[in-house]
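Just below is one structure, and these are the notes that go with it.
Values below: every heavy atom of this structure, side chains too, minus hydrogens, waters and symmetry copies. We name chains A, B, ... by the order of the sequence lines, and we start the count at 1 in each one.
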2 protein chains.
Amino acid sequence: MATRIQMRSPLPMPHTPEAPIYQQLAAHYREAIEKNALRLGMRMPSVRELMRRHAVSLSTALQTLRVLEERGWLEARPRVGYFVRNAGTPALEEMSDPDLREPFQAGDGHAGARFTGINERISLLVESGRRADIRVDLGGATPGEELFDTRWMNRSAAALLREQPGILAVGRSTAGTHPEFQAAMAHRALKAGMRLAPQDVMATSGNTEAVHLALAAVAQPGDVVAVESPTYYGLLQGIESLGLKTLEIPCSQHTGISLEALDLAVRTEPRLRAVVVVPDLQMPLGTLMPDGHKAALVKFCAQHGLALVEDDSYRLLVEAAEPPRPIKAWDVSGHVIYCESLNKTLAPGLRQGWMTGGRWHERVQMLKFAQSRNTNTLGQLLAARWTAAPAFERHLLRLRPRLRSQRERMAQAIARYFPAGTRLRLPPGGLSLWIQLPDGVSSSSLFEQALRQGIRIAPGAMFSNTARYDGFLRLSCALAFTDGVDGALRTLGQLAGAGRA
Amino acid sequence: MATRIQMRSPLPMPHTPEAPIYQQLAAHYREAIEKNALRLGMRMPSVRELMRRHAVSLSTALQTLRVLEERGWLEARPRVGYFVRNAGTPALEEMSDPDLREPFQAGDGHAGARFTGINERISLLVESGRRADIRVDLGGATPGEELFDTRWMNRSAAALLREQPGILAVGRSTAGTHPEFQAAMAHRALKAGMRLAPQDVMATSGNTEAVHLALAAVAQPGDVVAVESPTYYGLLQGIESLGLKTLEIPCSQHTGISLEALDLAVRTEPRLRAVVVVPDLQMPLGTLMPDGHKAALVKFCAQHGLALVEDDSYRLLVEAAEPPRPIKAWDVSGHVIYCESLNKTLAPGLRQGWMTGGRWHERVQMLKFAQSRNTNTLGQLLAARWTAAPAFERHLLRLRPRLRSQRERMAQAIARYFPAGTRLRLPPGGLSLWIQLPDGVSSSSLFEQALRQGIRIAPGAMFSNTARYDGFLRLSCALAFTDGVDGALRTLGQLAGAGRA
């Protein structure tokens, strides 16, 4: 059914004068690619140029290119030439989709929504993250400091403090979200195709709080929330903390949450109140929901009176000239509660997010006020200024290819080190890879074993209220691809290989 | 029963040559006091000096001092002399305590806990606070920018950004509270008599979030929470947002929450799970709970398995050489969940708080993680450094007398402008006054009328789930006492006087 990942595989190491010249040349160029001297998407020297540069024959030059292409390092574009392969788009076969016709059954084999009981499992990860002896942390999904222009950020923060010297001293607890932040986010929303007035914008402490408030606003304890399966463990925790039930809806890697299964859910779950989705770079699958599917989902939720909670944390990390439009852009009835986190794109340290609650906005505001008052003003104003600055656009233009390179190098290493039968689908953006281990290998065991070696991963069991994903794991691509990461992946691959036997 | 406030009352305005000389002189010194040329606690010129300075007779000098003393502007200290009266401590009689024997009945006249339904009323205040035409805001209770050393704060923030340039870029979402903040708060806790390890400290977004998490950790929807009556409206909102019931327990102005009524509540409310108190400078009464009462309350809650949630927002604003010890200092069984807000004392703009959950700490941490992840690191580190700096102690030493002066000048103006029958008790610290209007005057009407004049107050109805406090209001003393504030109080007094008729 599912296909073994097809990736660039390692060339035999030549560098010995005995190896044929085309192999030596291919190794030379592979190294150049690995060291980023030849970067993804760049044009490879032509046949003619190879012949001239290295004083080789036509057949040697052709053979060099062919072997690099075969091993996945280059792609041929007819009548244009050879290019360093952007492994992000073509040729990688993906895992198979699950049965999309109905909601997943709970762990006990019975259909229907279940109270979530995941916090203990998650506490494990949280605790392990606090251990001092973690050498390589592949468990999180937050971009590292080196991916941000901290000098610019700090200069700008210092300037704001000079300009508004009272900002740390002024409390605005009853005054609501800062108007400058509201105006800035409404402006960005407009560019993304959403029609919002500034007063529709409410600042939050990231999307964890935003999605929590959205669910608290639309559901009562015992009510049911439909989620993508697999889904971000933080969402399952939030649902558990509110005393709500979870219904896991299968996801296609091509289109996201299954409308067919949702349709069945509406008929079998009278207390279904909300659907939560990460439409762009679904976490952990990395799926981009197509526009048509977005429109259909909005229409479906409006028809059935469901709140559609959109968690937009990764949209700006999509590899594209223009980021996709959020689901909210299709919302005419106010059924979409849109939540944007700036954690992954602008400044993880700020924990700044915002939301607009559609027809539930007033209740969302009331709950925010009752539960935590405003987020601090400094973060709001920095986010307002930074997102409006051309430097933010430039930062994203640098960030995306860096993350792509990190994803691809991770994927290459996985292809190299993990046992046969390992599968993955390289996502079109984002901060992580979702990996299917060969049959019989448990990521929970792998998690435990890896921890002992100072490596942290996110086991698949964290992404569902069931045991369905024990054969999967999520690896962070947020770290620069160092020897340490390479070594950690080699160790993981060995452990997975041993787990199989 | 209750006594009319005894305060410095206005002298008849002389300045006309027809007035007797002692009245002219008294008016002169009253002005000097009002303009702070003669400040609270300062010694008044002696009889001999008055005679010499103003070339008046002994009897005129004595009469001048006597009239100033009678009107409350001076106090005589036998064998020492006359001093500008520090109205904060003596002679102000307080409102009478309510019946402390049993919990208050709900608005419908029936005993027992009730679901809270206060958010609409509060939304009114929140909305009104956003109105652009508020000239004088006496509705909040957050100290103003001018009460803080913003230059020091900003220098320190800039230094932190230079020292840790990645602080805005580094996400610590799964890493928990920053160790530096934990160590700093544990150190402060130790000085205040609490025994905590650094890992017992969890950062929060102020006390609104902290108390919310505490209640979410110990109670399920439908459970009952005992609160002080009157109490801070934010608490009632938080309880409503969690689907909990409120039981209002009467408070003595001398000792705080009634143990007798609590004892009855335990026996009649099987779902009572928690008691929430502001033991130091109770909001809005301003009561300081005596140590013996603190100890007894902790013991009572431990005996009955109740969570005792301590909201410490104002303790450092108590007028005393040494701040009182928090309730948590008496906790040996882990039944006290201690929450400290640094909003009112350190930096309102940061919205930084922290909590320690006693026997519920793990669950509190889990809920925080599920609902909003960590608060941002910058705020934690600034709070850690600022509270450890000698400048913070110096700031508090400046802040307390400034607030005292503001409270006293407000109280003087209220005595001058409000109708007879108005009562208040000047609290031993803090940011606000709780005022009882003459019989028949509604603070809700006053609120509406005042808003039309650009003045915002907090009507008593916001401080209870019942209509019990419609004859009360809270006025903020956080603003410097300007002509604008004086004029606003004159307007409020006139409106209250008219309301009585």
Inter-residue atom distance B:S313.OG - B:E340.CD, 0.5 Å rounding: 8.5 Å
Which atoms of B:I167 approach chain A - backbone, side chain, both or neither, heavy atom under 4.5 Å: backbone
Side chain, backbone, both or neither of B:L378 within contact of chain A (heavy atoms, under 4.5 Å): side chain
Largest heavy-atom contact set with chain A, pairs under 4.5 Å, which of B:V211, B:N207, B:L350, B:L213: B:L350
Residue, of A:L161, A:L168, A:T150, that accumulates the most heavy atom pairs under 4.5 Å with chain B: A:L168
Toward chain A, the part of B:P165 with a non-hydrogen atom under 4.5 Å: both
Carboxylate-amine/guanidinium contact A:R351 A:E209, below 4.0 Å: no
Cation-pi geometry met for A:R373 and A:F369 (6.0 Å, 45°): yes
Under 4.5 Å from any heavy atom of chain B - which part of A:S241: both
B:Q182-B:T177 side chain donor-acceptor pair, cut-off 3.5 Å: no
Most chain A-contacting option - heavy-atom pairs closer than 4.5 Å, from B:L346, B:N154, B:T204: B:N154
Under 3.5 Å donor-acceptor, A:K344 side chain and A:A141 backbone: yes
Salt bridge A:K245-A:E240, side-chain N to carboxylate O under 4.0 Å: no
